[in-house]
Engineer: 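Can you read through this structure? Questions will come right after.
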There are 2 protein chains.
Amino acid sequence: MVRPTMEDVAARAGVSRALVSLVMRGSPKVSDQRRAAVLKAAEELGYSPHAMARSLASRTSHVLGVMVSDLHNAFFAEVVDGLDAVAAEQGFELIINTGGRSPTRERRALRSLLSFRPAGLVLLSPVVPAADIAQAADHTPVVLVARSSRLSTVDTVNDDGERGIGLAVDHLVSLGHKRIAHLDGGGGTQAAPRRRGYLTAMASHGLPPRVVGSEYTDAGGARAVQGLLDDLPTAIISCNDFNAIGAISALEEAGFRVPHDVSVVGYDNTSLAALRHVSLTTVDQPRNEFGRLAAGALLQRVRGERDEPVRHLLHPSLVVRTTTAPPVRPA
Amino acid sequence: MVRPTMEDVAARAGVSRALVSLVMRGSPKVSDQRRAAVLKAAEELGYSPHAMARSLASRTSHVLGVMVSDLHNAFFAEVVDGLDAVAAEQGFELIINTGGRSPTRERRALRSLLSFRPAGLVLLSPVVPAADIAQAADHTPVVLVARSSRLSTVDTVNDDGERGIGLAVDHLVSLGHKRIAHLDGGGGTQAAPRRRGYLTAMASHGLPPRVVGSEYTDAGGARAVQGLLDDLPTAIISCNDFNAIGAISALEEAGFRVPHDVSVVGYDNTSLAALRHVSLTTVDQPRNEFGRLAAGALLQRVRGERDEPVRHLLHPSLVVRTTTAPPVRPA
DNA sequence: CTACAGCCTTAGAGCGCTCCAACAAATAGA
DNA sequence: TCTATTTGTTGGAGCGCTCTAAGGCTGTAG
């Protein structure tokens, strides 16, 4: 259970500890003969370098810390895939932990990550106050994904929610819809730009807006629809996919068919939306790209290539499935 | 950007580095006055201890490494919640990384985790060969979740899939079903015990089994159902929730209603199953409990309280929703 | 007034590694 | 031949911390 150290390898190979260090770091200035001897000894002992000792001694880190606010949400998994790809490519490793959407746990997670002295930090949709983020950013480069910030020390990567909802509105209008309601995400993370996008797009088409208060859950979507039943629009744009699925259930329970009687559009293109049983028309965020850009921005900071903040605002795209169709009822 | 060290805090508080160390570790043998001074200095400097230096010096680690085979699967998120709860309670921290269901990436993830010299390792449904696991277990305590092993050096936590499917069969039989088919998970992780549970339970009720090859996806479930259409059973037990949802879509597309014409049971009780639009009767695994038990077992090993392997086999439970009902067609 | 407990506090060694300066040996240039 | 230069190797200091053993200080007892 006690792991061998460089000293052990050096003794076994009959060389100095420094030489073993050179071999482990792949230095070219080691003779082939010694290199082979060292590698052989390392192999025999089952030696592997001690990352912490290494980074302590070298005063550098090849670790990026990733704080995922909610591990239950597959959204983040794809962002992590993007991060991982870029990090691996550039010789960095990821350590992840999670805040469970609670500021307390999240702050703990942040402290834990920072205690490993990572080269940089990626925060995925954090819920901690900006002050905590600013404090972290004092010590190490930070990039925020799915959360905006005015801090000049942090970079951000977000989707253009205003534009995303605009795509949904345009799609429905082009199908012939005029009475289009928006189920609003309330105080949720990206609710405001989405609502704004809805209002702007409706106005640009000269249509009267109709915003209904709701939330990011399927129960919320169902409830909102129940309030719409007396005066049903021909199309509904939900604040996210869960909400849309709740809306669809409530519509079907009330005897309406989707998309025949009402078209429904979601947001996020979660894996749910792709299920054939759901097959939801929705707005897709380039999640993998989020991760890639976040890693890229972070590594620029890590290498000291940039000082001014970067604000990535990515273009969402509409994925048309089978919950939208031209209206059949009088518009 | 350069972080303060203990030395800095000591200088500012006018005490020695060792005293700061005692304060940071919460030692009782420090006078209140000095303690306050040290904490104040630390606060002012924004000091936080360097986890790596600490564990290097103390030759101990309060870190548990967690390898999640697939971050996209919310199953693991709940296991992590359980792990996190127990770890936090006992003063341990989690570092997570992911293998993306690829043996190569997983091996890399394993190496990365090990390089932090964690006190122990939790592997959630790993896909690497047993030899890699054995090797890791040579260096540090390892517990496997959702994967069995015969290695005497590793503990395991699994659900009793045989029993889980048995619950589903019993439920359907008690509703009056006699023609019950099983959509099999093929070579998937827990497919074998589930199939075995189905066969055993059917036999114990004196019913003829009908196993249909399928896989753990909604497309797989749909395809399997298409092959059943000429001779439809009155109930279907899927290998997991995705498969069940695919099966339901295919049934509905073929003009059958669930549960009126066919009852369907899933497995896993994913968050999908709870959506009102889906409302799937399914078998629940105590995921949070998986995590708690895994952490518990690991910490026993870490503290050297136990040497022999432990095999936890947890009881799944049936969650009855609205996709099962008594059969109306002749059985 | 000395002795001996406590109780706090501190110096110093050392964890596994990197990196620098120094050096021996081999090669090149004069 | 002798001095440069290059190439390969090494000892030692030090990264930020913990931990042991050995202090300094009080206060009380002898």
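Throughout, protein chains are lettered first and strands after them, A, B, ... in sequence-line order, and every chain is numbered starting at 1. Every value quoted in this text rests on a predicted model; they were computed, and no experiment measured them.
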Engineer: Is any NZ, NE, NH1 or NH2 atom of the basic residue among B/Arg108 and A/Asp84 found under 4.0 Å from an Asp or Glu carboxylate oxygen of the other?
Structural biologist: yes
Engineer: Rounding to a whole Å, what distance do you find between B/His50:NE2 and C/dG16:P?
Structural biologist: 16 Å
Engineer: Ignoring backbone atoms, test whether B/Arg25 places a side-chain nitrogen or oxygen under 4.0 Å from the OP1 or OP2 oxygen of D/dC19.
Structural biologist: yes
Engineer: Is the phosphate of C/dT18 approached by A/Arg54 (side-chain N or O, under 4.0 Å from OP1 or OP2)?
Structural biologist: yes
Engineer: Is the distance from OP1 or OP2 of D/dT18 to the nearest side-chain N or O of B/Thr60 less than 4.0 Å?
Structural biologist: no
Engineer: Could you tell me whether the phosphate oxygens of D/dT18, OP1 or OP2, come under 4.0 Å of any side-chain nitrogen or oxygen in B/Arg59?
Structural biologist: no
Engineer: Tell me which nucleotide among D/dT9, C/dG16, C/dT18 gets nearest to the side chain of A/Met6.
Structural biologist: C/dT18
Engineer: In whole Å, I'd like the distance from the CZ atom of B/Phe116 to the C1' atom of C/dC17.
Structural biologist: 15 Å
Engineer: Testing A/Val20, A/Val15, A/Val23 one by one against A/Val30 for a side-chain contact (heavy atoms from CB on, under 4.5 Å), which residue passes?
Structural biologist: A/Val23
Engineer: Starting at CD of A/Glu7 and ending at C1' of D/dG11, how long is that distance when rounded to a whole Å?
Structural biologist: 11 Å
Engineer: Which of these, A/Arg311, A/Arg301, A/Arg147, sits in a salt bridge (Lys or Arg N to Asp or Glu O under 4.0 Å) with A/Asp155?
Structural biologist: A/Arg301
Engineer: Rounding to an integer number of Å, can you tell me how far A/Met52 CE sits from D/dG14 C1'?
Structural biologist: 19 Å
Engineer: Which one, C/dT9, D/dT9, C/dA11, comes nearest to the side chain of B/Ala18?
Structural biologist: C/dA11
Engineer: Let me see the working for B/His50 and B/Thr5 under side-chain contact (heavy atoms from CB on, under 4.5 Å), right down to the final yes or no.
Structural biologist: CA-CA 8 Å; B/His50 190 315; B/Thr5 75; over 6 Å; no
Engineer: Can you identify which nucleotide, out of C/dT10, C/dC17, D/dC15, has its nearest atom closest to the A/Leu56 side chain?
Structural biologist: D/dC15
Engineer: Separation of B/Leu19 atom CG from C/dG12 atom P, in whole Å?
Structural biologist: 16 Å
Engineer: In whole angstroms, how far is the C1' atom of D/dT7 from the CG atom of A/Asp32?
Structural biologist: 13 Å
Engineer: Nearest heavy atom decides the nucleotide; on that basis, is B/Leu22 or B/Ala53 closer to the 5' end of DNA chain C?
Structural biologist: B/Leu22
Engineer: Of A/Arg17 and A/Lys29, whose nearest nucleotide on DNA chain D comes first from the 5' end?
Structural biologist: A/Lys29
Engineer: If only side-chain N and O atoms of B/Ser58 are considered, is one of them under 4.0 Å from the OP1 or OP2 phosphate oxygen of D/dT18?
Structural biologist: no
Engineer: Roughly, in whole Å, what's the span from CD in A/Gln33 to P in D/dG8?
Structural biologist: 12 Å
Engineer: Going by side-chain contact (heavy atoms from CB on, under 4.5 Å), B/Leu121 matches just one of B/Val143, B/Val66, B/Val142. Which one?
Structural biologist: B/Val142
Engineer: Looking at A/Ser21, does any N or O in its side chain come under 4.0 Å of the phosphate oxygens OP1/OP2 on C/dT18?
Structural biologist: yes
Engineer: Compare side-chain N and O positions of B/Ser16 against OP1 and OP2 of C/dT10 and report whether any pair is under 4.0 Å apart.
Structural biologist: yes
Engineer: Using whole Å, what does the distance between atom C1' of nucleotide D/dT7 and atom CZ of A/Arg35 come to?
Structural biologist: 13 Å
